[in-house]
Amino acid sequence: ADVAAGNSTSNSNSNSNSNRANSGAADDWLNGLGRPTLIWPGTCTWVFHQLGMTQYIAERFVTSHCQLAGVSSGSICAVFLTLLEAEPSAEAVRAKSEQCFRIMDTVLSKVSATPISFVGRLGSALESATALLTKDADHDSLVPPPGRLRIGMRQLKWLPVPHLQVVVENTFVSKDDLLAAVYASSSVVGITVSSLRRYRGCFCADGVNPYSGTGAMELVAQWFGLWGNLDVSAPAHVRGDLLNPPVHAAWNLEAMNELLATPEQANAGRTDPTQANSCGNSDGGSNGGAAQPRVDSTSNPTDTPASSASPIAESVAQRPRARPRHYWLTPSVGNHINLALVFLLSRSWAHELWRRGYEHARQLDGAGYFDGLPRRAN
């Protein structure tokens, strides 16, 4: 079946220039100043909703000037966007998205025959799909400049006691290195894979740790201002409500504390990715281990007026101010998540989620959520 999102109104004219990241030197990306950020948190099987949102963004907007931040399923979506940015027009983006969906559909058919047949197998299936999606992409068209893309994951640390600690990678030396980071970031042991992944010599797991019992406590602590900055790591418009409790916000909170650190904090402990990683004793830095909880103090105002009475406009006004704009691409914006369906996965459901994600992004666009992003030339 065709991607439902691809049947929407077409932007038929081509851009004269490719929507690819070529607008900043590597050192400019690393300082991150003045750049909006597209953020994909981990959402489990709602990754297909996020992919639909990502398709809409790539069709409608120029994102080559944006920084990208993804954890778990969000890292897959961030790389998906870099693939779509290489396409010269909205129609080409739609065609590439259709190709990607067909590959995903074929792969899912092998692991979704029964309701829980994906357990322990989904990770390898997504690896196969990603390899097919990127097989024709060269280094320059896929690997972002250092600092543009930040991927959160957890590394196994042995001291003082064995634990999974959040680390952030923001420099990738090759396509294989980038994809290995994505696989490490999106591998939930016991759900999508059967064992920890290895990345740069370290045992790694999903950036979102659903087995951790500390996420809810951290959320409450930040909610009452005891530490951190909840408006950055889980702003009001992505947390959920009483009918959809902030489970995803709690799961993502620790990773987002690191992923959305201010540029100065993020680069303070940055290491050379070509050097051996310290897997056991690292105690700081975005590449060698997670630092202490971040507190963003930058106060750059957003460029969206807060006067609108609509809920979406009000949530836009509440966006974090660590960078000029944070655009969260997640179904939890507007409460499009039903937690009762968290383990539902089938080909038809993936198609429906992709369609819903595309329409969700269209609705947000109509409400001004993406104001500030330049639109593609038609």
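None of these values were measured; they are calculated from a predicted model. The analysis underlying the following values was restricted to heavy atoms, covering all of them including side chains, and did not include hydrogens, waters or symmetry mates.
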Could you measure the distance from the CG atom of L364 to the CZ atom of F370? Nearest 0.5 Å is fine.
5.0 Å
Can we say R356 and E352 salt-bridge, meaning some charged N sits less than 4.0 Å from an Asp/Glu carboxylate O?
yes
Answer with yes or no whether the side chains of E85 and T63 bring together a donor and an acceptor at under 3.5 Å.
yes
If the test is ring pair (Phe, Tyr, Trp, His ring centres under 6.0 Å), which one of W354, F80, Y358 qualifies with F101?
W354
So does D371 pair up with R325, basic N to acidic O under 4.0 Å?
no
Correct closest heavy-atom pair for R150 and E258 would be NH2-O, 3.0 Å
So if I apply the side chain to side chain contact (heavy atoms under 4.5 Å, CB included) rule between I151 and each of N170, L68, L178, V71, which one comes out positive?
L178
Report yes or no: is the cationic atom of R362 (NZ for Lys, CZ for Arg) under 6.0 Å from the centre of the six-membered ring of Y56, at an angle within 45° of the ring normal?
no
ring-ring contact (aromatic ring centres under 6.0 Å, His included) with F48: which residues, sequence neighbours excluded?
none
With sequence neighbours left out, what residues match A92 under side-chain contact (heavy atoms from CB on, under 4.5 Å)?
E87, P88, S89
Determine whether C204 and L156 make a side-chain contact, defined as any pair of heavy atoms from C-beta on separated by less than 4.5 Å.
no
With a 4.5 Å heavy-atom cut-off, do D177 and S174 have their side chains touching?
yes
So which heavy atom on W40 is nearest to which on L81, and how close?
CH2-CD2, 3.6 Å
Hey, does V79 have a side-chain heavy atom less than 4.5 Å from the side chain of T82?
yes
State, yes or no, whether a side-chain contact exists between C66 and L373 at a heavy-atom distance under 4.5 Å.
yes
Indicate whether any N or O donor in one side chain lies under 3.5 Å from an N or O acceptor in the other, for S187 and D206.
no
Between H360 and H49, is any side-chain donor less than 3.5 angstrom from a side-chain acceptor?
yes
Can E98 and R94 be counted as an ion pair, charged N to O under 4.0 angstrom?
no
Does either side chain, that of Q55 or that of E59, offer a donor lying less than 3.5 Å from an acceptor on the other one?
yes
Taking all non-hydrogen atoms of both residues into account, name the closest pair between G152 and S185 and its distance.
O-OG, 2.6 Å
Can you check whether V167 reaches M153 side chain to side chain, under 4.5 Å on heavy atoms?
yes
Under a 3.5 Å threshold, yes or no: a donor from one side chain and an acceptor from the other, between T43 and Q50?
yes
